[in-house]
Amino acid sequence: GQLALLGAKAEEGMEVICTGRITTFAGRSEYQLVIEQMELAGAGALLQMLAARREKLAKEGLFDSARKRPLPFLPRQIGVITSPSGAVIRDILHRLQDRFPRPVLLWPVVVQGSSAASSIIAALEGFNRMDNPPDLLIVARGGGSVEDLLPFNDEALVRAVAASKIPVISAVGHETDTNLIDFAADRRAPTPTAAAEMAVPVRSELQAQLLDLQRRAGVLWHNQHTQRRQQLGTATRIL
């Protein structure tokens, strides 16, 4: 009954520090340790575990570039999977507003702790089951320690990102942070703000390009019209 309450998910070969209480079996002179808290024994053991997991998933082809899909040029709607509070969602919304405002559908999740991975998996699967789903998903959270970002290295979450039918941008942590979902996602953004920049073009630049195309089209039409008038005049004189 204690397993669901532990701070870390136990895996074979993992080095951990456990605390709890000792109980006895009456009449058998045997003791047992009831574990009430478990944490990873240092960043070195954690990084070693993540390296082994990355190698395993890479061999299965989950990180192959051939399976990654292009992002839509201008998504009709963007789904964001992150905490509803904090700077991350505000940064994404502000950046989208500055570049090219698009409807955003937020799926609130837990981004830290033992329940974070399952919360994000539920959001990914929920978006993919929608009758009218977004054209693009962004999974985001701010920076943190290796332990804080551990949910984004969860094997089940990596598989859920790879299985998503909707293109996914991973925007977890700071620029130097690397998580396993970064390899499974269709694009990896160094920050949540950068993810918003990847998601949409700059509207003012598109407007300038359209105006330039209109001007060039007008010049081309005028030149062709003048040339045809000259050709018609020449043909008339010959006839």
### Message
For Phe63, is there any backbone N or O sitting under 3.5 Å from a side-chain donor or acceptor partner on Arg67?
### Response
no
### Query
Are Ile89 and Val111 connected in the hydrophobic side-chain network, where two residues link if heavy atoms are under 4.5 Å apart?
no
### Query
Short question: side chain of Arg187, backbone of Leu71 - any donor-acceptor pair under 3.5 Å?
no
### Task
Identify the two heavy atoms, one from Asp64 and one from Ala58, that lie closest to each other, and give their separation to 0.1 Å.
OD1-O, 4.5 Å
### Task
Check the pair Val158, Arg54 against side-chain contact (heavy atoms from CB on, under 4.5 Å), reporting the backbone distance first and the verdict last.
CA-CA 10 Å; Val158 174; Arg54 176 181 174 180; over 6 Å; no
#### Entry: Validation row: His222, Val219 side chains within 4.5 angstrom (heavy atoms)
no
### side-chain contact (heavy atoms from CB on, under 4.5 Å) between Gln209 and Leu206, intermediate numbers included
CA-CA 5 Å; Gln209 291 175 8; Leu206 290 180; 3.9 Å; yes
### Heavy-atom check, side chain of Val161 versus side chain of Ser170, under 4.5 Å
no
### Message
Can you confirm whether Asn128 sits close enough to Ile166 that some side-chain heavy atom of one is under 4.5 Å from a side-chain heavy atom of the other?
### Response
yes
### Message
Could you check whether Arg141 makes a cation-pi contact with Phe152, meaning its NZ or CZ is under 6.0 Å from the centre of the six-membered ring and within 45° of the ring axis?
### Response
no
## Note on the structure
Between Met198 and Pro190 the two heavy atoms that sit nearest each other are CE-CD, 4.3 Å
### Task
Spell out, as yes or no, whether a donor-acceptor pair under 3.5 Å connects the side chain of Asp98 to the backbone of Arg95.
no
### Task
Run the salt-bridge test on Asp212 and Arg216 with the 4.0 Å N-O cut-off and return the result as yes or no.
yes
### Task
Work out which heavy atom in Ile78 is nearest to a heavy atom in Arg102; give both atom names and the distance.
CD1-CB, 4.2 Å
### Message
Are Leu136 and Pro167 packed together at the side-chain level, in the sense that at least one heavy-atom pair is separated by less than 4.5 angstrom?
### Response
yes
### Task
Taking atom types as modelled, find out whether Asn223 and Thr226 have a side-chain donor-acceptor pair closer than 3.5 angstrom.
no
### Query
Closest heavy-atom contact between Asp135 and Pro72?
O-CG, 3.7 Å
#### Entry: Side-chain touch Ser83/Gln112, heavy atoms, less than 4.5 angstrom
no
### Query
For the hydrophobic clusters of this structure (ILVMFWY residues joined by side-chain heavy atoms under 4.5 Å, transitively), does one cluster hold both Val172 and Ile169?
no
### Query
Can you check whether Ser115's main-chain N or O pairs, donor with acceptor, with Ser118's side chain at less than 3.5 Å?
yes
### Query
Tell me, do Pro84 and Leu106 make a side-chain contact under 4.5 Å, heavy atoms counted?
yes
### Query
At what distance, to the nearest 0.5 angstrom, does CD1 of Ile17 lie from CE of Met38?
11.5 Å
### Summary
Pro201 and Phe73 have their tightest heavy-atom pair at CD-O, 3.3 Å
### Summary
Rounding to 0.5 Å, atoms CG (Leu180) and CZ (Arg159) come to a distance of 11.5 Å
### Backbone of Phe183 reached by a side-chain donor or acceptor of Lys68 within 3.5 Å
yes
### Query
Under 3.5 Å, is there a donor-acceptor pair between the side chain of Arg99 and the main chain of Glu197?
yes
### Message
Check for me, please, whether Phe100 and Leu93 land in the same ILVMFWY cluster - side-chain distances under 4.5 Å, paths through other members count.
### Response
yes
#### Entry: Test item: Val139 and Leu124 side chains (from C-beta on) under 4.5 Å apart, heavy atoms
yes
### Task
Mark yes or no for whether Ser119, through its side chain, and Val110, through its backbone, hold a donor-acceptor pair below 3.5 Å.
yes
### Message
So which atom in Ala123 and which in Val109 form the shortest heavy-atom distance, rounded to 0.1 Å?
### Response
CB-CG1, 3.8 Å
### Side-chain heavy atoms of Leu150 within contact of Leu50, under 4.5 Å
yes
### Task
Measure from the side-chain N and O atoms of Asp186 to the backbone N and O of Val168, and report whether any donor-acceptor pair falls under 3.5 Å.
yes
### Query
Can you tell me if Asp91 uses its side chain to pair, donor with acceptor, with the backbone of Thr193 under 3.5 Å?
no
### Message
For Leu211, I'd like to know if atom CG has over 12 heavy atoms of other residues, nucleotides or ligands within 6.0 Å.
### Response
yes
### Whether over 12 other heavy atoms sit under 6.0 Å from Glu175 CD
no
## Note on the structure
Taken to the nearest 0.5 Å, the spacing of Gln224 CD from Gln227 CD works out to 7.5 Å
### Task
Only one of Thr82, Leu157, Asp154 passes side-chain contact (heavy atoms from CB on, under 4.5 Å) with Ile120; say which it is.
Leu157
### Chi angles and distances behind the side-chain contact (heavy atoms from CB on, under 4.5 Å) call for Met130, Leu105
CA-CA 12 Å; Met130 291 177 62; Leu105 185 58; 3.7 Å; yes
### Query
Between Val200 and Val80, is there a shared hydrophobic cluster once you connect ILVMFWY residues whose side-chain heavy atoms come closer than 4.5 Å?
yes
